[in-house]
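To keep things clear, I will list the structure first and then write my remarks on it.
All figures in this text were calculated on a predicted structure; none of them were measured in a lab.
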Amino acid sequence: MSGWVGTIAGRKGVAALAAAAVFGIPVTAFGADCKQEQAVYIDRDGAYELRFTPLNSASAAASNQFKVSALKTTVVMEGYVMPSEDPARAIGILMFNCPEGDVTGADLDACTVWQGAVYGMDAKGEMDNLQPEGAAAAEKLMLPGLGPAIRESSAWGEGKASVAPWDVLTFKECAT
């Protein structure tokens with residue numbers, strides 16, 4: 001980035017902070033001040049929203065839970081992030097229209113849309129495993145292969161999702 005462009009961009013950031021102070025915009029509107037369980041992300045085309053929600057359980061095996069909505073449709077997919085070992089990874093699973101109650105492994109396989117590593121990026125572009133609830137919200141999320149997986153799932157088709165999201169989602173807001 002050239003010096004002049006960097007100066008303008010820096011001024012816009014300072015202006016946003018000043019506007020927040022003057023107009024009473026809550027400080028939690030900025031990613032660094034939001035906890036992961038309250039963070040909301042959007043894909044670059046504005047077709048999908050990923051919204052984290054608190055687990056509300058100290059004994060849960062998952063470290064995070066979230067919903068992915070295909071905007072302008074009724075499609076809402078449910079997801080969880082769980083820690084794994086060897087190597088240490090934050091592994092996510094995204095499901096659509098799973099049956100209630102006792103289910104078999106085949107039932108879960110049939111409703112699983114995507115499964116893979118979930119990475120968080122900070123403001124400097126450094127990538128790491130997604131941090132659990134209570135940590136500062138990541139500026140961006142990377143869910144490798146998400147778009148193609150949705151395209152091949154039961155969430156895709158007539159009256160459902162019709163645009164595949166990018167694998168990188170950007171912080172949109174902090175839910176209250």
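Considering OH of Y48 and OG of S69, their distance stands at 10.5 Å, rounded to 0.5 Å. Remark: D33 CG to C174 SG distance equals 8.5 Å, nearest 0.5 Å. Note that the SG atom of C34 and the CZ atom of F171 stand 4.0 Å from one another [nearest 0.5 Å]. Of the inter-residue distances, the one linking R89 atom CZ with D128 atom CG reads 9.5 Å to the nearest 0.5 angstrom.
For Q38, the CD atom is densely surrounded, since the number of other residues' heavy atoms within 6.0 Å is greater than 12. More than 12 heavy atoms of other residues, nucleotides or ligands sit less than 6.0 Å from atom CH2 of W156. Within a 6.0 Å sphere centred on NZ of K140, other residues, nucleotides and ligands contribute 12 heavy atoms or fewer.
Here the side chains of N64 and L55 are not in contact, with every heavy-atom distance at 4.5 Å or above. A 4.5 Å side-chain heavy-atom check between I93 and M82 finds at least one atom pair inside the cut-off. The side-chain heavy atoms of M127 and M121, taken from C-beta on, include a pair separated by under 4.5 Å. Counting only heavy atoms from C-beta outward, the side chains of L50 and L141 approach each other to under 4.5 Å. Counting only heavy atoms from C-beta outward, the side chains of N129 and V118 never approach each other to under 4.5 Å.
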Go through it in stages, so that I can follow the logic: the residues are K160 and T73, the test is side chain to side chain contact (heavy atoms under 4.5 Å, CB included), and I'd like the CA-CA distance, side-chain angles, deciding distance and then a yes or no.
CA-CA 6 Å; K160 298 179 186 175; T73 74; 5.9 Å; no
If you apply the rule salt bridge (Lys or Arg N to Asp or Glu O under 4.0 Å), what do you find for E37 with R51, and how did you get there?
CA-CA 8 Å; E37 66 270 19; R51 181 177 295 266; over 6 Å; no
Please walk me through it: do V81 and F66 pass side chain to side chain contact (heavy atoms under 4.5 Å, CB included)?
CA-CA 8 Å; V81 179; F66 60 93; 3.7 Å; yes
Steps toward side chain to side chain contact (heavy atoms under 4.5 Å, CB included) verdict (V113, I150)
CA-CA 6 Å; V113 171; I150 288 176; 3.8 Å; yes
Applying salt bridge (Lys or Arg N to Asp or Glu O under 4.0 Å), run through E49 and K172 and close with a yes or a no.
CA-CA 9 Å; E49 179 181 87; K172 175 184 171 188; 2.9 Å; yes
Does V75 form a side chain to side chain contact (heavy atoms under 4.5 Å, CB included) with F96? I'd like the steps, not just the answer.
CA-CA 8 Å; V75 172; F96 180 64; 3.8 Å; yes
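A disulfide bond (SG atoms under 2.5 Å apart) check over residues 106-140, counting only residues at least two apart or in different chains, returns the pairs C98-C111.
For the 3.5 Å distance criterion, the side chains of T104 and D107 qualify, holding a donor opposite an acceptor. One side chain, Q65 or T53, offers a donor N or O that lies under 3.5 Å from an acceptor on the other.
Of the listed residues (L169, T170, V168), just one forms a side chain to side chain contact (heavy atoms under 4.5 Å, CB included) with Y41, and that residue is L169.
Connection of L146 to Y119 is not established within any shared hydrophobic cluster, with ILVMFWY side chains joined at heavy-atom distances below 4.5 Å, either directly or through further cluster members. Linking Ile, Leu, Val, Met, Phe, Trp and Tyr residues whenever their side-chain heavy atoms come within less than 4.5 Å leaves V68 and M95 in two separate clusters.
Listed for the T112 side chain is no donor-acceptor partner under 3.5 Å among the backbone atoms of W114. Distance alone, capped at 3.5 Å, is enough to place a donor-acceptor pair between the Q36 side chain and the A138 backbone. Within the 3.5 Å criterion, the main-chain N or O of K124 finds a donor-acceptor partner in the side chain of D122. Side chain of D43 to backbone of P165: no donor-acceptor contact under 3.5 angstrom is found.
For A47 against V163, the heavy-atom pair with the smallest separation is CB-CG1, 4.1 Å. Here the closest heavy-atom approach between residue P83 and residue A61 is recorded as CD-O, 3.7 Å.
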